[in-house]
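In this chain, numbering begins with 1 at the start of the sequence shown.
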Amino acid sequence: MEAAIDRSPNNKYHRRAMTVEQARALLLRCAQPADAVEVELVDAFGRRLAASVQTEEPIPHFRRSGMDGYAVRTSDLANVNAAAPVELEVIEHIPCGVEPQYMITVGKAARIMTGAMVPEGADAVIMQEMTELVESEGRSIVRIQKKVASGTNITPIGEEAREGTLVLEAGERIGAGHTAILASLGYSRVPVYRKPKVAILSTGSELLQLSDPMQMGKIRNSNAYMLSAQIIAAGGQPQLIGQIPDDYPRAEQMLYDLLSSDADLIVTTGGVSVGDYDIMADFFLRWEGTTLFNKIAMRPGSPTTAGSWRNKLLFGLSGNPSACFVGFELFVRPVIQQLQGAVVDHAQTVTCHLAVDYKKVNAYPRYVRGYWYSNGGEHYAKPVGRDKSSAILSLKEANCLIVIPPTKTGFPAGDIVQIIPLDGAMSK
């Protein structure tokens, strides 16, 4: 027979609310970076570096031409003007990737291409458009009518970075620019943090599989697939486990089996409220782990719950799609990112003007699905869709969460609010 539900002040009917910031801080103290692995550079995009990167040679490691033109000695042009042009003998053509063969001496110049190595003796490159090339007695002569300063169109050795310069830090997310740097430094393989494995479990006898025909009173399991997409966007590797049975002993065994598996964290959706069949709420009261929180001072998703079992985090998110979505963005995403070495101290926000009136009163901060945009140099944000935790169609329109502080009157259009951009803008 199933054990009686605990109705003491510490049970699911008497919860003490914690702020979003307090809850996030508790979670991040439990999240240690995963192991490092090496991947091919082409496969490293979007991953996070597991080691800092320093230059082994200066960038660039040779004096580089910034123009197509001629490498010259500016001392040869000291007295040049339109009435008295200087003529220099072109002794060499220097394409990219070829080391110069000759030193530039008095009265000499070299034809040079953009990106090519500047020969010794030259201290400037004069652009081709400022010159005239003539042939005289079998020699190539470049005629110049204007002065240029020493150093013109030459990138010196080490201008971007000296040898031993820290150019990428561990935990940085590898983008296109990072890839260019790694390639230029010769990294064919890159040390990155392993993608965290995130197990996804759903609760509720009302859930249908995607291929099931619709039945009265039931809904298809959209949350599991939404969470899977959010996990991938955060850099994790989702594992769709299935559904938690309504039988508590079986559900408990399933959860402990998952906690003992190779999953880095477990995310459940549904069953965290105060209903008679909210199995996750009961599990968090009875389990051998430490429940970090079971109520957040926020809307939607107030009953969001999380705990730690042998250094592994278990999340209980709301079963309502929008509340589940918000709970993931505020709590699970930063944990997944920190498991990959990201520096996550708080949600990164953008200051915006409310584009429309917001009339809903709130006892708690409300995280409203919204759309933000710029107009005339100012940022604006407006809610999208129905502001209900059960709403699902508005999720595709949202590119931010609008943070609405507690209010008894609402806020008029034009008031300043903070927004949290979606799609992973929550870490450095």
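Separating the NE2 atom in His93 from the OG atom in Ser140 is a distance of 5.5 Å, to the nearest 0.5 Å. Summarising the geometry, atom CZ belonging to Phe328 is positioned 12.0 Å from atom OG1 belonging to Thr269; distances are rounded to the nearest 0.5 Å.
Atom CD of Glu56 has 12 or fewer neighbouring heavy atoms from other residues, nucleotides or ligands inside a 6.0 Å radius. Annotation for Glu135: atom CD counts as buried by contact number, over 12 foreign heavy atoms lying within 6.0 Å. Summarising the local packing, CZ of Phe62 is surrounded by more than 12 heavy atoms from other residues, nucleotides or ligands at distances under 6.0 Å. For Asp262, the CG atom sits in a packed shell: over 12 heavy atoms of surrounding residues, nucleotides or ligands are nearer than 6.0 Å. Summarising the local packing, CZ of Arg162 is surrounded by 12 or fewer heavy atoms from other residues, nucleotides or ligands at distances under 6.0 Å. Applying the 6.0 Å contact sphere to CG of Asp257 captures more than 12 heavy atoms from other residues, nucleotides or ligands.
Side-chain contact between Thr304 and Phe331: present, with at least one pair of heavy atoms (C-beta onward) separated by less than 4.5 Å. Counting heavy atoms from C-beta on, the side chains of Val332 and Leu265 come closer than 4.5 Å. Side-chain contact between Met298 and Leu330 is present, with at least one heavy-atom pair separated by less than 4.5 Å. Within the 4.5 Å cutoff, the side chain of Ile157 has heavy atoms near those of the Arg63 side chain. A heavy-atom distance below 4.5 Å is not found between the side chains of Asp278 and Phe284. Counting only heavy atoms from C-beta outward, the side chains of Ile91 and Ile104 approach each other to under 4.5 Å. Using a 4.5 Å heavy-atom cutoff, the side chains of Thr305 and Met280 are not in contact. Looking only at side-chain heavy atoms (C-beta outward), Thr74 and Lys147 stay at 4.5 Å or farther from each other.
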Checklist entry - Is there a side-chain contact (heavy atoms from CB on, under 4.5 Å) between Gln230 and Leu227 once you walk through the steps? => result CA-CA 5 Å; Gln230 288 177 288; Leu227 287 170; 3.6 Å; yes
Item to check | Ile404 vs Phe411, side-chain contact (heavy atoms from CB on, under 4.5 Å): CA-CA, chis, key distance, verdict | outcome: CA-CA 9 Å; Ile404 303 292; Phe411 295 94; 3.7 Å; yes
Checklist entry - Are Tyr358 and Val417 close enough, and set up right, to give a side-chain contact (heavy atoms from CB on, under 4.5 Å), and what steps lead you there? => result CA-CA 11 Å; Tyr358 187 84; Val417 292; over 6 Å; no
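Between Ala306 and Leu27, the shortest heavy-atom distance links the atoms CB-CD2, 3.8 Å. The minimum heavy-atom distance between Gly316 and Thr268, with the atom names listed, is CA-OG1, 3.3 Å.
Side-chain atoms of Gln54 and Thr165 include no donor-acceptor pair closer than 3.5 Å. Neither side chain, Thr203 nor Gln243, offers a donor N or O lying under 3.5 Å from an acceptor on the other. Thr114 and Asp68 are linked by a side-chain donor-acceptor pair at a separation below 3.5 angstrom, with hydrogens and angles left out of the test.
Just one of Lys312, Lys195, Arg194, Lys197 meets the side-chain hydrogen bond (donor to acceptor under 3.5 Å, both in side chains) condition when paired with Asp264; it is Arg194.
For Glu57 (side chain) and Thr55 (main-chain N/O), no donor-acceptor pair under 3.5 Å exists by modelled atom type. Between the side chain of Glu92 and the main chain of Pro100, no donor-acceptor pair closer than 3.5 Å is present. Judged by distance alone, the side chain of Glu329 and the main-chain N or O of Phe325 form no donor-acceptor pair under 3.5 Å. Looking only at distances, a side-chain donor or acceptor of Asp76 sits under 3.5 Å from a matching main-chain atom of Gly107. With hydrogens and angles disregarded, a donor-acceptor distance shorter than 3.5 Å links the side chain of Arg111 to the backbone of Gly69. Between the side chain of Gln337 and the main chain of Ala342, no donor-acceptor pair closer than 3.5 Å is present. A donor-acceptor distance shorter than 3.5 angstrom exists from the side chain of Arg189 to the backbone of Glu38, with no hydrogens or angles considered. No donor-acceptor pair under 3.5 Å is formed between the side chain of Ser228 and the backbone N or O of Tyr225. Between the Thr407 side chain and the Asn362 main chain, no donor and acceptor come within less than 3.5 Å of each other. The closest donor-acceptor contact from the side chain of Asp357 to the backbone of Pro412 lies at 3.5 Å or more, if one exists at all.
Relative orientation of the Tyr373 and Tyr380 rings is parallel, given thresholds of 30° and 60° on the angle between their planes.
For Glu172 and Arg48, the salt-bridge test fails: no basic side-chain N is under 4.0 Å from an acidic carboxylate O.
In this structure, Arg299 is not positioned above the aromatic face of Tyr367 in the sense of NZ or CZ being under 6.0 Å from the six-membered ring centre and within 45° of the axis.
Between Tyr256 and Phe283, the ring center distance clears the sub-6.0 Å criterion.
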